[in-house]
Amino acid sequence: MQQLRSNRSQGTPDYEDIALLAERVRRGERRALAKALSLLESTRASDAPRQHALLRVLAIPARPTMRIGITGSAGAGKSTLIEALGLHAACEGHRVAVLATDPAAPSSGGSILGDKLRMTALANHPNAFIRPSSNRGRGDALDTHVRERIIACEAAGYDVIIVETVGAGQADTAIADAVDLVILATLPNAGDDIQALKRGVMECADVVVVTKADLDRAAARRAVQHIRSGRALLRNRDGDWHVRVLATSSASGEGITELWMLCQEFFAEGRRPIIEARRRQQRMRWFDESLHTHLIAVLRRRASAHLDRIADAVAEGAILPPIAAATIVNHLETP
Ligand SMILES: Nc1nc2c(ncn2[C@@H]2O[C@H](COP(=O)(O)OP(=O)(O)OP(=O)(O)O)[C@@H](O)[C@H]2O)c(=O)[nH]1
Ligand SMILES: [Mg+2]
């Protein structure tokens, strides 16, 4: 109720059901969290006011959280790795939320079932919550409204949030804008893959994991060496953190404890200011992005015919893009 009152004073639409939903999310009710996530996943413009009303209440800073992104090419073993790592964390008493993304078309429904099946042990753990969702075939790496959904999971008391991306190569760098720690999963024989990725996702990885080490230990060792020797490709995103490379097997459990220890090292108390600085930059980019989206929407509403005419002229090379943009804005500013 307190929340509801403070919302009224901020001029937020009075959505009593949203206030109630937020309260239930904060109490840690799984069904409420699932409902909140469904609302936040919506891309319908008409849902935006309700999404914002919910986020206003949920986005109150909670205790420190670990936002971990796992990326890598299709079939690299991301989901299985998340289950192994997530179980490790959950067994240590952490509350683990997984936002899994699958590239498959939503119509089949197969992807959702697939991830649920792959993570059964974690899904059944009382400390874990798994939200499988398809990226609706949009083809971009980051699922819809992932940042908002992370906030909801944190409000529900989850302190380890693991986000899986579709493994669309370079586009996966988008994950670095939503999480603190980026783990890149790669197969032992993915030498070419690594070269291909070097300018993209490799540059934003904090930890590189060579997966499925049980299948061929020698190959996994070679891959680790190969990646380490190509260290020049790996960029240390923060001065005090150098990129780590290790081999894991979700089947045998090899390397999973080490990986979790690396996560803990990354999120050590002393590194909190660095992580906060990274989140600050992310918030600023998110703000820029949102502003851009909203301004474009306003432009389309207020100057749509003019905008279309100028866009055609730009396409034909009759007017240069920066001049066209200035023309449109000037047109708006003229009373
Ligand atoms: N032997 C072995 N097989 C594994 C291991 N990890 C994953 N697999 C298998 O590899 C296949 C793909 O694993 P996933 O975890 O679904 O891979 P993914 O990267 O999430 O795949 P997408 O989400 O479809 O891109 C599955 O059949 C897993 O059982 C491992 O450590 N050892
Ligand atoms: Mg997967």
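One-based numbering along the sequence shown. Note that ligands are numbered from 1 as they come in the structure, with each ligand's atoms numbered from 1 the same way.
Residue A76 approaches ligand 1 through these ligand atoms, each under 4.0 Å from one of its heavy atoms: 19 (O). Counting atoms of ligand 1 from 1 in the listed order, those under 4.0 Å from a heavy atom of T80 are 6 (N), 7 (C), 13 (O), 14 (P), 15 (O), 28 (C). Set against the non-hydrogen atoms of S250, the atoms of ligand 1 under 4.0 Å away are 30 (C), 31 (O). Close contacts of ligand 1 with D214, meaning ligand atoms under 4.0 Å from a residue heavy atom, involve 1 (N), 2 (C), 30 (C), 31 (O), 32 (N).
For a threshold of 3.5 Å applied to N or O pairs, the pair formed by L215 and ligand 1 contains no separation below that value. An N or O contact shorter than 3.5 Å is missing between A74 and ligand 1 by distance. When only interatomic distances are considered, the shortest N/O to N/O separation between A213 and ligand 1 does not fall below 3.5 Å.
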#### Entry: Worked check of salt bridge (charged side-chain N to carboxylate O under 4.0 Å, His left out) between R278 and D206
CA-CA 13 Å; R278 193 178 272 194; D206 301 295; 3.4 Å; yes
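With values rounded to the nearest 0.5 angstrom, R244 atom CZ is found 12.5 Å from E258 atom CD.
The closest approach of E164 to the Mg ion (ligand 2), by N/O/S atoms, is made by OE2.
Open room surrounds CZ on R302; 12 or fewer heavy atoms of other groups in view lie less than 6.0 Å from it. In this structure, R27 places its CZ atom where more than 12 heavy-atom neighbours from other residues, nucleotides or ligands lie under 6.0 Å away.
For atom 8 (N) of ligand 1, the candidate residues are E83, E254, E164, K212; the nearest heavy-atom contact is made by K212.
A heavy-atom distance below 4.5 Å is found between the side chains of C91 and H125. Looking at heavy atoms from C-beta onward, K35 lies out of side-chain contact with R31 at the 4.5 angstrom threshold.
Checking T80 against the Mg ion (ligand 2), every N/O/S atom stays at or beyond the 2.8 Å cut-off.
Residue contacts with ligand 1 do not include G72, since none of its heavy atoms lies under 4.0 Å from the ligand.
Ring geometry for W241 against F266 counts as perpendicular: the plane angle is over 60°, on a 0 to 90° scale with 30° as the lower cut.
Between the R95 side chain and the A156 main chain, a donor and an acceptor come within less than 3.5 Å of each other.
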